[in-house]
Number of protein chains: 2
Amino acid sequence: MPENSQQCSHCKNKLCMHKVPIFNNLNHEDMFKIAELIQHKNYKKGESIFSQGDNLDSIVIINEGSAKAYKYTQEGREQILYLFSEGDFFGEQYLLSKRTATYTVQTLEAVKVCTLSKEHFQKLLLQYPDMGIKIIEELGTRMFRLEHVMESMGVRNIDLRIHSLLLDYSAKYGKKVAEGVLLQLPLSREGIANYLGVARETVSRKLSQLENDGIIRSVSNKSILILNEVALEE
Amino acid sequence: MPENSQQCSHCKNKLCMHKVPIFNNLNHEDMFKIAELIQHKNYKKGESIFSQGDNLDSIVIINEGSAKAYKYTQEGREQILYLFSEGDFFGEQYLLSKRTATYTVQTLEAVKVCTLSKEHFQKLLLQYPDMGIKIIEELGTRMFRLEHVMESMGVRNIDLRIHSLLLDYSAKYGKKVAEGVLLQLPLSREGIANYLGVARETVSRKLSQLENDGIIRSVSNKSILILNEVALEE
DNA sequence: GATTATTAGTGACTGTAATCACATATTTTT
DNA sequence: AAAAATATGTGATTACAGTCACTAATAATC
């Protein structure tokens, strides 16, 4: 059934496009046209979508799942820069300039993505100036995130840094339950350490300390219950 | 003399516009039109162009001089995020979103800027899609810088961090002389410390150490001679 | 379901940078 | 040019996070 398959592909594409802020201002007709240009790919947990040094030829939009973006420091430690999830896009920096990828993006779970080739992307930007504005806006948000991370990396007191991380995650991933806020950590202890730029052992110790103080409760490796959110805010 | 004053204003505006990559793709006629929309302002050393929390209504382009962008960490320390100089622009993130300024921009010397109002900027973006692409490109560069800083902040070894800073400055501000590379530091010791996220005393000590090792020579507070660049690269 | 691999917690020890305190230089102001 | 303000260098001490080494727990694989 050609109609069915076409409808299905259309439907799948629409799904992807509707999740992404940069396509929001488009009308039905334009969306349909652009949907035709989009390719789909799936990744297993732990696979790299692209690696530091790669030459990219498309912009990638996450449709399902999450991924970490990291680069290696001079010491050889993995420094996590971003966590990307549903609706986030990346690779746009490499489409316009000649730069190769400055970081590696690796999935944290099974991930579905939509990709749009460099040529199509550039044509779209010229055709829909609104989209360019949306992207500038989105990049503003991304920079805001990065500046926030930098600010917190500049904090010398590691307790403060872990507290802000927990509060950030609480806002993003937390669900209110009777006893407090239950949150599903997107990263392992090592991941958290690589995000904060501290040793894995330090993260373990600080979390143990918080548990001793009755501020959090460790539910499982990847899940924490925040009992006293106010204490984290100081 | 109206012609003269007009020519002069035109000339001044042209100066400003020619320094800025985002206006580079425009033809003469368009440049002339846009030049009319640009306002000029001067700042003394130490003045703030805008402050964390301000509501901005224009994009600012530096025409002459330099400035630092910083925000305060939770501990009350000043964390420097960027150094802006001739040709750099900022404030574009706040024009499209409702966000207020997330950092303060303070001049490091006398500074001349050109400003373009929010309304004009948005109209230009819709009118010249090329310009949007230029800005996306430029933001990509800015993010690249920030990611680089983050990476280096994640380095635990402070010697390494100071070494990279000196190498960065050497590339940006250094001039080759007989004995090595002479560089005019854009920041004081305290500024360097606030950029690296370490104590002022630590910067002093590390630089003294480098001087004892014969790798650098302190010429004056704001000027350093790098004698052995290779040693800094390890 | 057993085995292997990965991830996490904890003690002991060490190194390094922060802090405090002050002397000295340098820059700015008057 | 003198005075005031600011910036820098350095010693002594302390605190705190890193490293190493190991055990325990959890997840992945066969």
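Note on naming: letters A, B, ... go to the chains in the order of the sequence lines (proteins, then strands), and numbering restarts at 1 for each one. Worth knowing before you read on, the calculation uses all heavy atoms, side chains too, and leaves out hydrogens, waters and symmetry mates.
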Scan B/Val198 against the nucleic acid and name what it touches under 4.0 Å (heavy atoms): base, sugar-phosphate only, or nothing. sugar-phosphate

Nearest whole Å is fine: how far is D/dG18 C1' from B/Asn157 CG? 12 Å

C/dT26, C/dA17, D/dG18: which one has an atom nearest the side-chain heavy atoms of B/Asp159? C/dA17

With no hydrogens and no angle check, is any side-chain donor or acceptor of B/Ser170 less than 3.5 Å from a backbone partner on B/Leu166? no

Kindly point out which of C/dA8, D/dT19, C/dT19 is positioned nearest to the side chain of B/Glu201? C/dT19

Phosphate OP1/OP2 of C/dA18: any A/Arg156 side-chain N/O under 4.0 Å: yes

Is the shortest side-chain N/O distance from A/Lys222 to OP1 or OP2 of C/dT7 below 4.0 Å? no

Got a sec: does the NZ of B/Lys41 have more than 12 other heavy atoms crowding it under 6.0 Å? no

Within less than 4.0 Å of OP1 or OP2 of C/dT16, is there a side-chain N or O belonging to B/Thr202? no

Using whole Å, report how far CZ of A/Arg77 lies from P of D/dT19. 9 Å

Round to a whole Å and report the spacing from CG of B/Leu160 to C1' of C/dT16. 14 Å

Nearest-angstrom distance from the residue atom CD of B/Glu190 to P of C/dT26: 18 Å

Taking the six-membered ring of B/Phe89 as reference, does the cationic atom of B/Arg142 (NZ for Lys, CZ for Arg) lie under 6.0 Å from its centre and within 45° of its axis? yes

Would you say B/Lys206 reaches C/dA17's phosphate, i.e. side-chain N/O to OP1/OP2 under 4.0 Å? yes

Expressed in angstrom and rounded to an integer, what is the separation of A/Ile192 atom CD1 from C/dG9 atom C1'? 14 Å

Are more than 12 heavy atoms from other residues, nucleotides or ligands located less than 6.0 Å from atom NZ of A/Lys112? no

Return no unless some side-chain N or O of B/Arg189 is found under 4.0 Å from OP1 or OP2 of D/dG9. yes

Under 4.0 Å between a side-chain N or O of B/Ser208 and OP1 or OP2 of D/dT10? yes

Assess, by modelled atom type and distance only, whether the side chains of B/Gln209 and B/Asp213 contain a donor and an acceptor separated by less than 3.5 Å. yes

Round to a whole Å and report the spacing from CG of A/Asn194 to P of C/dT7. 11 Å

Taking the nucleotide of DNA chain C with the closest heavy atom to each, which residue, B/Val203 or B/Asn221, is nearer the 5' end? B/Val203

Short side-chain N/O contact from A/Ser204 to OP1 or OP2 of C/dT10, under 4.0 Å: no

If each of A/Leu207 and B/Ser220 is mapped to the nucleotide of DNA chain C with the nearest heavy atom, which maps nearer the 5' terminus, i.e. the 5' end? A/Leu207

Can you measure A/Arg205 atom CZ to D/dA17 atom C1' for me and round it to whole angstrom units? 8 Å

Whole angstrom is fine here: how far is it from CG in B/Leu187 over to P in D/dT6? 19 Å

